[in-house]
Amino acid sequence: MIEYSYWGGDNEPTENLKTTKQLAELGLKGIKPAGYIETRKYTIKLYDINDNNSVKPKKQPTLKQLEALKKARIESRKKAWIKRYGWIDQYRVDAVKRSRELLATPDSWVILDIETTGLYNCEVIKIAVIDGHKNILLNTRVKPTIPIEYEAYQVHGISDNDLIYAPSFNVIYPQLKAAIKDKLVLIYNEDFDRNAIAHCCKIRSLPLLQYQTSCMMHLYAGWYGCYSEYWNDFQWQKLPGGNHTALGDCLAVYGILEKMANDSDQPKYPDFEDAPKADDQGDDDIPF
């Protein structure tokens, strides 16, 4: 075989001499090298495309083989995606099924929402409860014992003057107790609402209300599927359709129940034919 210098040298290969990679691009396969280039790390073999003893046409796969290869590639990507991300979509599927269960048993639950004087050690200034048929069980303003914080006023628009003639919490307490009795109470951000209601009971020396709750904010976050690997949790979402009027937010919670229930309970896969392999995606590339 003839030894050649690297391309650009005095003894570079002629145009008819190709490397293995160049042959593949031409649909050819090397048989016998006609020359070579010696580098510091490896030897580059050269093949003469004009010599039938040096190259031959590469055997083309049949249509059936190509389809089988495509199917296997898609299945491999699907398995890798399910292993890494499938559990995230399972939260969506679970939320869909849970929403359907709730809507199928409308007499077993109610939706509650409140507006408050602020964020910390706050009191209820508006409260609403609707049942599973969207009937209003309670919708009233409540007079607090402390002023409304300006930041809270900017959110819900209720001022201290608006509550001068509103009933106090101890007055609406029996109505609230009756509205949630023996019901599962659905709340968007249950921890906040429960703490505010408990605080109102405590400062007025009222018995703490005993009731079970389910946090719709967490259920909706799982359905929405925006997972943060930094926080190792689903990102909470603003209540769609909420208007900070207590009753309006109750109806908005009912709306997301219907939205989730109308979603498919089957896994939603990406397009594995064109998408990169799941293992090739970065940590922030959550495909939802």
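All values below come from the heavy atoms of this structure, side chains included, with hydrogens, waters and symmetry mates left out.
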Notebook entry, point to check: Under 3.5 Å, is there a donor-acceptor pair linking the side chains of Ser5 and Glu12?
Noted result: no
Note to self: Name the residue from Lys97, Arg98, Arg100, Lys268 that meets the salt bridge (charged side-chain N to carboxylate O under 4.0 Å, His left out) definition with Asp263.
What the structure shows: Lys268
Checklist line | Which atom of Phe169 lies closest to which atom of Cys201, heavy atoms considered | finding: CE2-SG, 3.8 Å
Notebook entry, point to check: So which heavy atom on Gln266 is nearest to which on Asp89, and how close?
Noted result: O-OD2, 4.5 Å
Note to self: Is it the case that the side chains of Thr145 and Glu123 hold a donor-acceptor pair, with the cut-off being a distance below 3.5 Å and no angle test?
What the structure shows: yes
Checklist line | Residue pair Trp109 / Lys183, side-chain heavy-atom distance below 4.5 Å | finding: no
Notebook entry, point to check: Rounded to the nearest 0.5 Å, how far apart are CD1 of Ile187 and CD1 of Ile180?
Noted result: 8.0 Å
Notebook entry, point to check: Just wondering, more than 12 heavy atoms not from Ile2 lying within 6.0 Å of its CD1?
Noted result: no
Item checked: Interatomic spacing from CG in Asp193 to SG in Cys215 - rounded to 0.5 Å -> 9.0 Å
Check: Minimum heavy-atom separation for Asp249 to Asn243, with atom names?
Finding: OD1-N, 2.8 Å
Margin query: With a 3.5 Å distance limit and no angle check, can you tell me whether Thr213 reaches the backbone of Val185 through a side-chain donor-acceptor pair?
Written below: no
Check: Is there a donor-acceptor contact under 3.5 Å from the side chain of Glu67 to the main chain of Lys64?
Finding: no
Note to self: I'd like to know if the side chain of Tyr254 and the backbone of Gly132 have a donor-acceptor N/O pair within less than 3.5 Å.
What the structure shows: yes
Next item on the list: Kindly compute the distance separating CG (Leu138) from NZ (Lys177), expressed to the nearest 0.5 Å.
Entry: 15.0 Å
Item checked: Side-chain heavy-atom pair Met260, Met216 within 4.5 angstrom cut-off -> yes
Margin query: Count I, L, V, M, F, W, Y as connected when their side-chain heavy atoms are under 4.5 Å apart, and connections chain through other members. Are Ile82 and Val93 then in the same cluster?
Written below: no
Check: Hey, is the main chain of Thr116 close enough, under 3.5 Å, to the side chain of His156 for a donor-acceptor pair?
Finding: yes
Notebook entry, point to check: Mind checking whether Tyr188 and Ile111 have side chains closer than 4.5 Å, heavy atoms only?
Noted result: no
Margin query: Less than 4.5 Å apart, side chain to side chain, heavy atoms only: is that true for Cys226 and Phe234?
Written below: no
Next item on the list: Grab the two heavy atoms, one from Ala252 and one from Pro240, that are nearest each other, plus how far apart they are.
Entry: CB-O, 3.5 Å
Next item on the list: Check whether any side-chain heavy atom of Lys126 lies under 4.5 Å from a side-chain heavy atom of Val142, and answer yes or no.
Entry: no
Notebook entry, point to check: With a 4.5 Å heavy-atom cut-off, do Tyr211 and Leu112 have their side chains touching?
Noted result: no
Check: Once you round to the nearest 0.5 Å, how far does NZ of Lys56 lie from OH of Tyr47?
Finding: 12.0 Å
Checklist line | Any donor-acceptor pair under 3.5 Å from Asp48 side chain to Leu17 backbone | finding: no
Next item on the list: Scan Ile158, Asp113, Val155 and name whichever one has a side chain to side chain contact (heavy atoms under 4.5 Å, CB included) with His244.
Entry: Val155
Notebook entry, point to check: Between Ser159 and Asn161, is a side chain to side chain donor-acceptor pair (under 3.5 Å) present by the stated rule, with each step listed?
Noted result: CA-CA 5 Å; Ser159 68; Asn161 289 335; 5.0 Å; no
Item checked: same_hphob_cluster(Tyr173, Val110) at 4.5 Å side-chain heavy-atom cutoff -> yes
Checklist line | Side-chain donor-acceptor contact under 3.5 Å, His218 with Asn189 | finding: no
Notebook entry, point to check: Do Thr43 and Glu38 get their side chains close enough for a donor-acceptor pair, meaning under 3.5 Å?
Noted result: yes
Notebook entry, point to check: Is there a path from Leu46 to Tyr42 through hydrophobic residues (I, L, V, M, F, W, Y) whose side chains come within less than 4.5 Å of each other?
Noted result: yes
Margin query: Using a 3.5 Å distance criterion without hydrogens, assess whether the side chain of Ser108 forms a donor-acceptor pair with backbone atoms of Thr105.
Written below: yes
Item checked: Under 3.5 Å donor-acceptor, Asn262 side chain and Glu258 backbone -> yes
Note to self: How about CH2 on Trp87, more than 12 heavy atoms from neighbouring residues, nucleotides or ligands closer than 6.0 Å, or not?
What the structure shows: yes
Note to self: Quick one: does any side-chain atom of Thr117 pair with a main-chain N or O of Ile148 as donor and acceptor, under 3.5 Å?
What the structure shows: no
Notebook entry, point to check: Roughly how far apart are Glu15 CD and Asn50 CG, rounded to 0.5 Å?
Noted result: 10.0 Å
Next item on the list: Report, as yes or no, whether the 6.0 Å neighbourhood of atom CZ on Phe192 holds more than 12 heavy atoms from other residues, nucleotides or ligands.
Entry: yes
Notebook entry, point to check: What closest approach, in Å, do Ile127 and Val124 show between heavy atoms, and which atom pair accounts for it?
Noted result: CB-CG1, 4.0 Å
Next item on the list: Measure the CD1-CG distance between Ile37 and Asn11 for me, rounded to the nearest 0.5 Å.
Entry: 9.0 Å
Notebook entry, point to check: Between Asp162 and Arg141, is any pair of side-chain heavy atoms under 4.5 Å apart?
Noted result: yes
Item checked: Same apolar cluster: Ile256 and Trp236, side chain cutoff 4.5 Å -> yes
Note to self: For residues Leu239 and Leu247: do they belong to one hydrophobic cluster (side chain heavy atoms under 4.5 Å, members Ile, Leu, Val, Met, Phe, Trp, Tyr)?
What the structure shows: yes
Margin query: Using side-chain heavy atoms (C-beta onward) and a distance below 4.5 Å, is Ile31 in contact with Ser54?
Written below: no
Note to self: Looking at Leu219, is its backbone amide N or carbonyl O close enough to the side chain of Trp223 to form a donor-acceptor pair, meaning the two atoms are under 3.5 Å apart?
What the structure shows: no
Check: Which heavy atom of Leu137 sits nearest a heavy atom of Ala179, and at what distance?
Finding: CD1-O, 3.8 Å
Notebook entry, point to check: Do we see a donor-acceptor contact under 3.5 Å between the side chains of Asn232 and Tyr227?
Noted result: yes
Notebook entry, point to check: Does any donor atom in the side chain of Asn170 or Ser168 lie under 3.5 Å from an acceptor atom in the other side chain?
Noted result: yes
Margin query: Salt bridge check, Lys70 against Glu75: does any charged N sit closer than 4.0 Å to a carboxylate O?
Written below: no
Margin query: For Asp131, is there any backbone N or O sitting under 3.5 Å from a side-chain donor or acceptor partner on Asn135?
Written below: no
